[in-house]
Amino acid sequence: MPSLLRLPRLSQSPRGRLTSHFFASLFDFGVLTPAGSDALTHWLLGAVGGLIAIGLGATRVYAGKYAALSGSHSPEPYRIAVLGDDLFLVGLPMLLVGLLTVLINQALFPDERDFRILGPLPIRRPLIFATKLTALFSFIGVVVAVLHIALSPLMLMTSIGRHSEHGVIDRLGAWLIASVTGCIFAVLVVAAMTGVVTLVLSRTRLHALTAISRSLLLAGLVVCLPFVFRLPNAGASMAGQAPWLIVVPPAWFVGLEHVLLDTSENWALRLAAVALAATAISAAIVAGVYVLLFQRFEHLLLRPPSASPFEFPRNPIGSSRRKDSSASESQACRGVSRFISATLRRSQLHQGVLLGLSACGVALALNRLVGVNWTFSPPAVQPDSFLLYISFWAPFAVMFVAGISMRAAIALPMNHRANWIFQLTEADATRGGEMRAVDRVVTLYTVGLPVAFALAVLWTVLPPTKAVIAVTLVALIGRVFVHGVLIDWRRIPFTCSYMPGKRMLVFTLVPGFAAFVLFISFSVLLVHTALKRPVYALIIATGLAALSLLLRRSRIAEWQQTPLMFDDELPDQPLQLGL
Amino acid sequence: MLEARGLTKRYGGFLALDRVDFQVRRGEILGYLGPNGSGKSTTVNAVVGLIDPSAGSLSLDGKPMLDDPVEYKRRIGYVPEEPHLYTHLTATEYLMLVGRLRELPEQSLASRVAELLRLLLLWDSRYSTMASYSKGMRQRVLLAGALLHNPDLLVLDEPFSGLDVTAGLLFRTLLRLYVADNRMVLFSTHRFDMVEQLCSRVVILSAGRIVAEHDVSSLGDRQSPSLEEIFVRVTRQSDFTPLARQILEVVQSS
């Protein structure tokens, strides 16, 4: 673990050392080399600096906004803007803290590894639990402090206007209490979910289900990001006491903030009551899990694995039921397909990378759609051209990010030293089949996810026939895009070592952004042109189908001739800085 | 017969194997002994095709490995020293993966995997991922994977580590019956007792070179030295008493 992530030497006592150990293990994802961990440390420190800088930068925007609002005669617009910004200033830290807690959820509770490593040492169990909690609270505390320092200038900007109803110090104090409580609630909810899964399920089941629950939680929180950034627009709903706000957690804590500011509105009191009750319930669950774990640690974590077919098919031996449908696929293709699917189902890391990054694409697309007032129902009138453009744009944004996510996920190794079995059985004859399996999985995800997204969006803005044509084109463009995703790919997924930071971030981000813009623009243009006349659609669809077929054949032919890669390599050419 | 001639492996300036010659004949288990760092694992990795030797050749029944490396690998089963397995898979899934990578027919593969799991006492754990397996259970999975395609040559790198007494006895009997069917076993180990009980011949390696080759059956003779004595002599192992004393002095000092 990098030295920068260690707590300063609290003391030489076991308590200090153990807290320091648990603090460092929060960042132990299991696949990073020492160099990778070092890079992560610097990245985290950079992120903290960046966050504070963004907070300060946004102050200028808020200053302009509130200067204009202070100048208006009526206090109402000011009040509505403050309510919206209150939601945002409470919701953003809650979401970020929640996301971070999901990322470190492997370290929320003492686990089997802690038990096996620390158990034989002369350390009492209360000390293990106490230091684990201290490390966790220290980390969360630092994050919450940094977030609130970064956001406090914005809070000040919302409090110093002519129409402000409360004093600056009062508002700042109430916000800090409410927002920090909201952050604690976010941590507790994630911890409660993790804890309940830990307690309820046996070890065998636990592994798969924690992976799935964590990945879904991560993806869900990432998808929430654009909605949090739109919370400043929800001031009017808050002022109008819209019923839907009762299911929006940041609104509960804004209610609490207002109660702390001495409001007597029933609405705020109700929201505050929900906030406190939810926090208390999640705290009780977490405390209960800790107490149970403390009392029955060996029994709960070291019980023998259940011999239950819960997560595995009833017929784990073979695939005889599917034999007919897959008679043409080679044994190697079948083997690698199952290997990829099992790994993606059970590995927290790979699932997290795949779903977490893909959720960024979905969030980006939803953000644009929400921005043009898209709703999940057919419009009453002909949609405007910008809504139509964004509806075409969104599935391709999802496709681009899904492709990158899939490539990133399958590039990460899983038990790298176990890859000897693939090395031992590598042959020209089987390599084609093995890589066909890779092609299939990547195609399924990179085309399937955007097609599902396109189906959900396009039927709301296009007549059925045109929607079908557009979705077909999304699928065909996706087939061509898969070639880009698999360019230079010559690995069985999860079997090659991974060398992070092979090239400078800027050399990845700039061409990546250019590719994103070009790919989406060209794809939207194709769909737009195809929808003008049926004959255009036919020509474009035929061309895309032929191209995708040709590209697939060429890459499979190339794979059959090129040996597989089991160790990551540095790029052939040194990077030219061009100074 | 497996034949290694002038097998050499260099890692930069370091010579891991230096012109090693040995043969594993049909119907025999060849013991391959050596201290840590002597080149045992390098030899094993070269024999199974995981690394390319810098010089020298390997042939199986007179057919050089380089003529058809795929066919050569098809005839070999391998149990590595450490149980490096995809522990997120169940034993069934892992063995099915191995069988499919070796292009075994699906139907016979499924029944063979099921039978092996039953016979190797892994059936009750078939739904559990191997992350929850003991080292001995993992060794049994590895042995099943090595035997799955009915190879001519088994290359075993410390296959008995982690096995309980019963499984150890089963493995020994299995290996004897396996070579009785005119197959070959290259058995790399640190354990003299295993070599004495199982092998017909032994090759001793030191600093990348073969320093002795013995017929194990002659070692039982009262006039001849024991395998351990031969090993200590040819690998120039010193008397360990002073070193052991030093270790105890370190831990006993305040």
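Naming: A, B, ... by sequence-line order, numbering from 1 per chain. All values reported here derive from a predicted model rather than from experimental measurement.
Taking each heavy atom of A:Q423 and B:K73 in turn, the nearest pair found is O-NZ, 3.3 Å. Here the shortest heavy-atom pairing between A:R346 and B:T90 reads NH1-N, 4.1 Å. Of all heavy-atom pairs between A:T430 and B:L101, the closest is CG2-O, 4.2 Å. Contact detail for A:N419 and B:Y86: the closest heavy-atom pair is CA-OH, 3.2 Å.
Considering only heavy atoms from C-beta on, A:D428 stays 4.5 Å or farther from B:V70 through its side chain. With contacts defined as side-chain heavy-atom distances shorter than 4.5 Å, the pair B:R102/A:L424 qualifies.
Scanning residues 39-52 of chain B against chain A with a 4.5 Å heavy-atom cutoff picks out B:V48, B:L50, ordered by number.
Remark: B:R5 CZ is loosely packed, at most 12 non-hydrogen atoms of other residues, nucleotides or ligands lying under 6.0 Å away. In this structure, B:R118 places its CZ atom where more than 12 heavy-atom neighbours from other residues, nucleotides or ligands lie under 6.0 Å away. Dense packing is recorded around CD of B:E71, with more than 12 heavy atoms of other residues, nucleotides or ligands lying under 6.0 Å away. With a 6.0 Å radius and a threshold of 12 heavy atoms from other residues, nucleotides or ligands, B:R10 has its CZ atom at or below the threshold.
In this structure, B:H88 and A:F339 have tilted ring planes: the angle between them lies in the 30° to 60° band.
For chain B, no part of A:S337 is nearby; none of its heavy atoms comes within less than 4.5 Å. For a residue to count as touching a neighbouring chain, one of its non-hydrogen atoms must lie under 4.5 Å from one of that chain's; by this rule A:E426 touches chain B with the backbone only. In this structure, chain A has no heavy atom under 4.5 Å from any part of B:P83. When heavy atoms are compared at a cutoff of 4.5 Å, B:L85 approaches chain A solely by way of its backbone atoms N, CA, C and O. Only the backbone of B:L104 comes within contact range of chain A, with at least one heavy atom under 4.5 Å from a heavy atom of that chain. Heavy-atom distances place the side chain of B:Y94, and not its backbone, under 4.5 Å from chain A.
Listed for the A:W420 side chain is no donor-acceptor partner under 3.5 Å among the backbone atoms of B:P80.
Atoms CD and CE, from A:Q331 and B:M96 in turn, are 7.0 Å apart once rounded to the nearest 0.5 Å.
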